[in-house]
Amino acid sequence: MMKDWFLLLRWSWRDLRKYWVKVVAIALVIGIGTGAYAGMTSMTNWRRDSNNASVALLNMYDMRFELAGDSFVPRGDLESAVASIPSSGSVVAAEERLVRSIQVDASTDDATILVPGLIVGRDLAAGGPTINTWHVEAGTGLAAADAGQPLVMLEYSFLMHNDLPSSGEVVVSGGQVLTYTGGATTPEFFMVVPENTTSFAQGTYAGVFASLETAQGLAGLEDVVNDLVVTITDDADRGVITDEIEDAISALGVGVDVTLKEDDPSYRVLFEDVENDAENMTVFAVLIFGGAVLGAFNLITRLSEAQRREIGIAMALGVKPLRIALRPLLVGAQIALLGVVFGVGVGVLIGNMMRDLMISFIPLPIWETDFQWSLFFWVAVIGFVVPFLAAAYPVWRAVRVKPIEAIRTGHLAARGGGLAPLLKRIPLPGNTFAQLPLRNLLRAPRRAVLTTLGIAAVMAVLVGFLGSIDSFVGAINRGGDAIKGDSPDRLVVSLETVLPVDAPGVAAIDNADSVGRTQPILQLGMRAAGDQDLNLLVEILDLDNDLWQPGVVAGTIEDSGTGIILAEAAAEDLGVDVGESLLLTHPRRTGPTTFGFAQSDVTVVAIHNNPLRFAAYMDDAALDLANAVGLANVVYAEPAPGSTPEDVQRELFSLDAVGSVVTASASADDLDELIGQFVGVLQGIAFFVLLLAVLMAFNSASIGFEERQREHATMFAYGVRVRKALRMAIVENTIIGIVATAMGLVAGVGMIWWVVNVSAAETMPDIGLVVEMSPTTLVTVIVLGVAAVAFAPVFTVRRMRRMDLPGTLRVME
Amino acid sequence: MIELHEVSKTFGNGVPIVALADVDLRVDAGEFVVVLGPSGSGKTTLLNMIGALDNPSTGSISVGGVDISEASRRELFDFRRATVSFIFQSFNIFPGLTAAENVQFGADAADREDVDPAEVLDSVGLGDRVDQFPHELSGGEQQRVAIARALATGNPVILADEPTGELDFTTGVQILQLLQQQAADGKAVLVVTHNREISRIADRVVELSSGRIVSDGPPAEGKARLEDLHW
Ligand SMILES: Nc1ncnc2c1ncn2[C@@H]1O[C@H](COP(=O)(O)OP(=O)(O)OP(=O)(O)O)[C@@H](O)[C@H]1O
Ligand SMILES: [Mg+2]
């Protein structure tokens with residue numbers, strides 16, 4: 001009995017020595033598949049955990065109350081209002097703030113950084129703030145003694161994105177110079193999402209954190225506040241308390257806007273982003289995983305199929321099936337073990353790669369990136385089970401047939417069966433050398449199909465990955481081009497308030513030395529009713545102006561009257577075509593600078609070429625609708641000849657009427673940078689996918705070589721050259737490569753379609769994405785799918801050359 | 001046609017196994033030679049040397065004017081394609097090709113275009129098995145496909161390793177006749193067997209024992225006619 005076991009062990013040791021390259025390579029396939037899944041899913045778990053931990057650490061508000069418009073109340077009134085409500089016992093804390101829009105000049109010697117932003121003044125007394133606290137990431141924080149001093153902190157990711165030092169000076173609207181002592185994060189800025197942008201604005205929107213007194217001083221407002229953040233006990237009824245506080249504040253004679261924690265733009269995007277990414281990642285991860293499992297199953301099956309004949313012999317000798325299965329299963333076990341080791345390695349690698357990106361991208365104070373034990377455990381279980389099943393399958397098949405068949409069908413799966421008889425009827429061109437590759441494929445259709453599917457799945461992931469990147473990049477490029485139009489260098493000058501176009505403030509812009517042509521614009525938020533109601537940011541401008549007009553892809557902007565020009569995505573979502581009319585709810589001026597709302601039917605006259613869904617344009621003939629003829633709140637300004645956009649930014653920044661000055665292409669550039677980072681990670685993952693495809697092709701070729709070893713030896717004995725045998729193997733693999741790549745392309749385009757039309761349509765509704773695939777992607781995929789698979793047999797040339805012909809031919813079938 | 005000069009072949013490191021020792025042999029075109037010897041005496045090894053599947057440890061071999069012990073890899077491939085054809089002890093026909101296609105392969109390998117596989121198969125008595133795959137054929141039938149494949153090459157040297165091992169008497173005789181006919185047509189034919197009876201029909205019997213040629217000449221009891229064989 002013992003001796004039997006020793007024999008078995010020695011035998012499988014020989015198996016291992018014979019197969020070790022393949023064992024390692026197949027284990028790597030499993031490792032990449034399971035690791036990619038584990039790594040990508042780890043990221044999702046980490047982000048959820050980190051978000052929750054960070055929001056908790058910085059004690060984010062449960063609700064926020066903003067006074068409407070330009071209203072203020074004396075300091076202490078809001079806190080008193082809270083103290084006066086019936087449920088005040090359920091309020092844990094309430095803190096007043098002064099929150100104001102602000103312009104920030106953080107220019108350095110290298111770069112002009114003139115951006116809009118938000119200053120948030122907090123009470124620093126008694127160790128405050130305690131709600132929505134600041135987490136100092138660089139430099140030093142503010143102390144109670146700093147109250148009223150020209151000292152602030154800047155939002156950390158703004159520093160990072162602009163490569164600013166951890167302390168320094170900035171100039172804010174009004175020319176005041178402030179010293180910033182450090183960079184901090186806070187929940188409202190975990191994601192920087194200012195109103196009316198879809199982009200992540202880390203670099204172009206400055207959070208300025210100051211003492212209440214400092215903020216008041218900058219605003220020229222003595223001892224007032226306009227904002228309140230509140231935390232309540234866990235068991236409190238938030239709705240009731242919110243209503244009570246709202247009433248109490250309204251009783252002060254001011255309007256108030258309430259924001260619940262989940263509706264906070266930063267919070268919402270922070271958490272939504274995780275789920276959206278998770279959804280996309282899961283699709284890719286599952287596909288990589290599935291492709292790898294399919295591939296590994298196929299390879300291992302083929303590996304243990306090689307023992308089928310030996311199984312037959314063992315059965316004929318009356319050995320019990322379980323004993324028979326042991327040897328192939330041992331090979332399976334070796335692959336499984338190694339696969340799990342590789343899987344953990346790859347998982348950690350991919351996880352780290354994505355974590356580093358995320359950390360650089362979202363400045364959370366806490367990143368909880370613990371090793372995901374349970375996730376890895378389950379992935380490892382699957383990674384372990386698959387090789388076993390794959391190894392057991394051929395044994396199971398072999399044990400079921402009569403021993404004589406297992407022996408007789410003989411060497412490997414080398415039978416004439418399969419679909420080969422089909423070909424008997426179909427005359428193929430060429431001699432036997434030309435026919436053999438197809439024959440070989442058809443006589444083992446199951447194997448060919450499995451191999452093809454495995455490679456196709458991997459190719460699909462690759463196409464899906466690269467194509468999704470292409471689609472995003474494509475939209476950004478189209479957006480950039482659309483915005484730049486005929487005036488690529490123009491700047492968008494936002495005015496502090498709505499002004500008559502002939503006001504001195506507007507004239508001052510036109511007269512600035514660095515400014516060439518200008519074009520006043522009235523930018524208004526509107527709401528369009530349709531299949532789905534949409535918020536639009538409508539720019540009303542003279543469509544005959546010679547500076548810039550939107551590019552049109554359908555309809556015409558000639559004589560558009562009060563008509564509107566929509567983005568394609570908007571027209572689609574609203575369910576309107578060019579020529580049809582649309583109900584708009586739009587601002588209508590009621591006093592010198594005050595607006596109420598009105599409704600008008602307007603005609604959709606054209607579709608513009610900007611993929612941003614909310615972008616819309618109307619001719620200045622439509623100013624009547626808003627009762628705003630002759631008014632503007634934005635000016636397009638082109639640099640004068642010899643001036644740079646930076647010159648314009650500097651000069652206009654000092655004008656009183658000017659709010660912010662940004663280049664028209666700034667938002668496109670922002671997105672560009674953002675996508676650039678993601679592309680980096682996606683390419684990192686794509687690398688693993690490539691590796692997977694190459695490994696599978698290599699394994700397949702290598703096992704194929706062994707399966708055909710005897711046939712090759714016979715050919716060589718008949719004087720067929722190695723080159724010719726190689727060519728046949730290449731032809732055979734080329735067929736697999738072409739079919740797999742074609743399938744992969746189709747499935748991959750399906751994935752891009754899904755990402756673009758289902759996933760992104762939901763998660764990024766404001767970007768009109770279309771399925772795009774760059775020539776680079778197409779070439780990469782085809783070269784990889786066809787060429788790598790086709791030429792994988794080249795790796796077997798050395799073994800063909802060094803083949804022991806007499807030995808191979810001698811072995812009796 | 002075939003000339004071996006002091007050819008030895010030793011296998012293995014450690015304890016060397018001498019498969020062939022100082023073999024001198026000359027076979028002319030048109031000769032039908034049977035190589036006789038017990039199992040393990042080196043018959044297959046000898047054939048492998050002549051067919052350039054393996055190279056001798058010492059000595060020189062020249063076949064059809066080519067010194068294959070000195071030839072390059074490339075020349076060896078050419079040699080195998082144009083000069084010898086093998087009939088293996090273990091068939092080695094392609095399981096993915098039908099009988100006819102296996103034969104066609106032989107012709108294709110030797111770049112011959114005027115071969116009708118069905119005809120060749122007919123000559124080995126398999127005229128009705130043309131479209132069968134190997135796994136649908138009996139051992140003997142597979143062996144005959146292997147023979148037909150070798151014949152289809154039309155090469156001047158035929159090396160047959162136990163071609164009748166799997167065959168019944170009648171078929172075996174037919175095959176031998178066929179091979180003898182090839183010799184009569186001017187080819188050099190070497191047939192390996194351990195069956196002394198078969199050796200009786202040869203012009204010449206080379207007997208091997210432990211890798212050495214122990215006798216070389218006409219059959220001991222004189223050349224017999226096929227009809228007189230019993231086995
Ligand atoms: N690759 C090898 N390594 C070691 N020994 C070998 C090798 N090939 C053959 N031999 C040995 O060489 C000797 C001759 O073998 P060969 O195959 O030529 O015998 P044979 O006469 O054809 O026998 P049979 O009639 O059984 O086919 C045998 O003892 C065999 O064990
Ligand atoms: Mg032999």
Side-chain angles (χ1 to χ4, degrees), chain A residues 405 407-421 423-425 427-428 430-444 707-725 728 732 801-813, chain B residues 9 11 19 44-45 47-49 51-55 73-74 76-86 88-111 113 117 130-137 139 142 146 149-150 152-153 155 159 161:
Chain A
E405 271 176 65
I407 296 173
R408 197 182 147 89
T409 50
H411 198 62
L412 314 186
R415 313 201 299 145
L419 299 176
L423 281 187
K424 270 201 245 177
R425 318 262 167 273
L428 286 173
N431 57 22
T432 39
F433 299 114
Q435 299 179 6
L436 261 172
L438 197 55
R439 280 294 155 87
N440 281 335
L441 283 177
L442 288 178
R443 79 184 214 237
E707 288 163 349
R708 306 270 163 72
Q709 202 162 21
R710 200 182 175 78
E711 292 181 49
H712 283 135
T714 308
M715 288 184 202
F716 299 152
Y718 269 81
V720 175
R721 281 180 194 286
V722 170
R723 218 183 315 132
K724 200 164 199 169
M728 283 159 58
E732 188 180 330
R801 287 244 159 84
R802 304 195 333 182
M803 188 187 275
D804 168 19
L805 288 186
T808 311
L809 291 166
R810 179 189 297 271
V811 177
M812 283 294 270
E813 274 271 333
Chain B
K9 180 71 182 178
F11 287 111
T44 300
T45 307
L47 240 54
N48 286 346
M49 299 292 145
L53 291 183
D54 209 349
N55 44 342
R73 262 181 55 83
R74 196 196 157 89
L76 287 182
F77 270 97
D78 289 339
F79 165 77
R80 290 201 293 261
R81 186 166 61 243
T83 311
V84 294
S85 8
F86 258 103
F88 301 101
Q89 196 168 1
S90 44
F91 318 161
N92 289 323
I93 50 178
F94 298 106
L97 298 182
T98 61
E101 287 164 346
N102 265 286
V103 175
Q104 181 67 47
F105 167 86
D108 289 344
D111 291 329
E113 280 167 11
V130 176
D131 284 335
Q132 240 73 359
F133 281 99
H135 72 280
E136 298 164 335
L137 298 173
Q142 292 183 39
R149 179 177 64 185
T153 63
N155 290 348
L159 304 172
D161 201 350

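Just so we're on the same page: letters track the sequence lines, and every chain starts at 1.
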Per-residue contact mode, [X] against chain A (heavy atom under 4.5 angstrom):
X        : result
B:Phe105 : both
B:Ala110 : neither
B:Arg74  : both

Exercise for the section: Grab the two heavy atoms, one from A:Pro806 and one from B:Leu53, that are nearest each other, plus how far apart they are. Expected result: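 Scanning both residues completely, I find the closest heavy atoms to be CD-O, 3.5 Å.
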Practice task
Kindly give the heavy-atom pair with the smallest separation between A:Leu809 and B:Ser90, and that separation in Å.
Solution key: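 Heavy-atom minimum between the residues: O-OG, 2.7 Å.
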Exercise for the section: Could you pull out all residues at least two apart from A:Asp804 that satisfy salt bridge (charged side-chain N to carboxylate O under 4.0 Å, His left out)? Expected result: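 Checked A:Asp804 against salt bridge (charged side-chain N to carboxylate O under 4.0 Å, His left out); zero matches.
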Handout entry: B:Arg80 and A:Val720, any side-chain heavy atoms less than 4.5 Å apart
Key =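 With C-beta onward as the side chain, the pair stays apart.
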Exercise for the section: Mind checking the CZ-NZ spacing from B:Phe77 to A:Lys724? Nearest 0.5 Å is all I need. Expected result: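 Interatomic distance, B:Phe77 CZ to A:Lys724 NZ, rounded to 0.5 Å: 12.0 Å.
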Exercise for the section: Heavy-atom pairs under 4.5 Å with chain A are the metric here; pick the option from B:Asn102, B:Asp78, B:Leu76, B:Thr44 that has the most. Expected result: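 The residue among B:Asn102, B:Asp78, B:Leu76, B:Thr44 with the greatest pair count is B:Asp78.
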Handout entry: Donor-acceptor pair, side chain of A:Arg710 and main chain of B:Asn92, under 3.5 angstrom
Key =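 Between the backbone of B:Asn92 and the side chain of A:Arg710 there is no qualifying donor-acceptor contact (under 3.5 Å).
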Practice task
Please check if the side chain of A:Tyr718 supplies one atom and the backbone of B:Phe86 the other of a donor-acceptor pair under 3.5 Å.
Solution key: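 Yes: the side chain of A:Tyr718 pairs with the backbone of B:Phe86.
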Practice task
Using side chain to side chain contact (heavy atoms under 4.5 Å, CB included) as the criterion, list what pairs up with B:Ala82, not counting sequence neighbours.
Solution key: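 Expected list: none.
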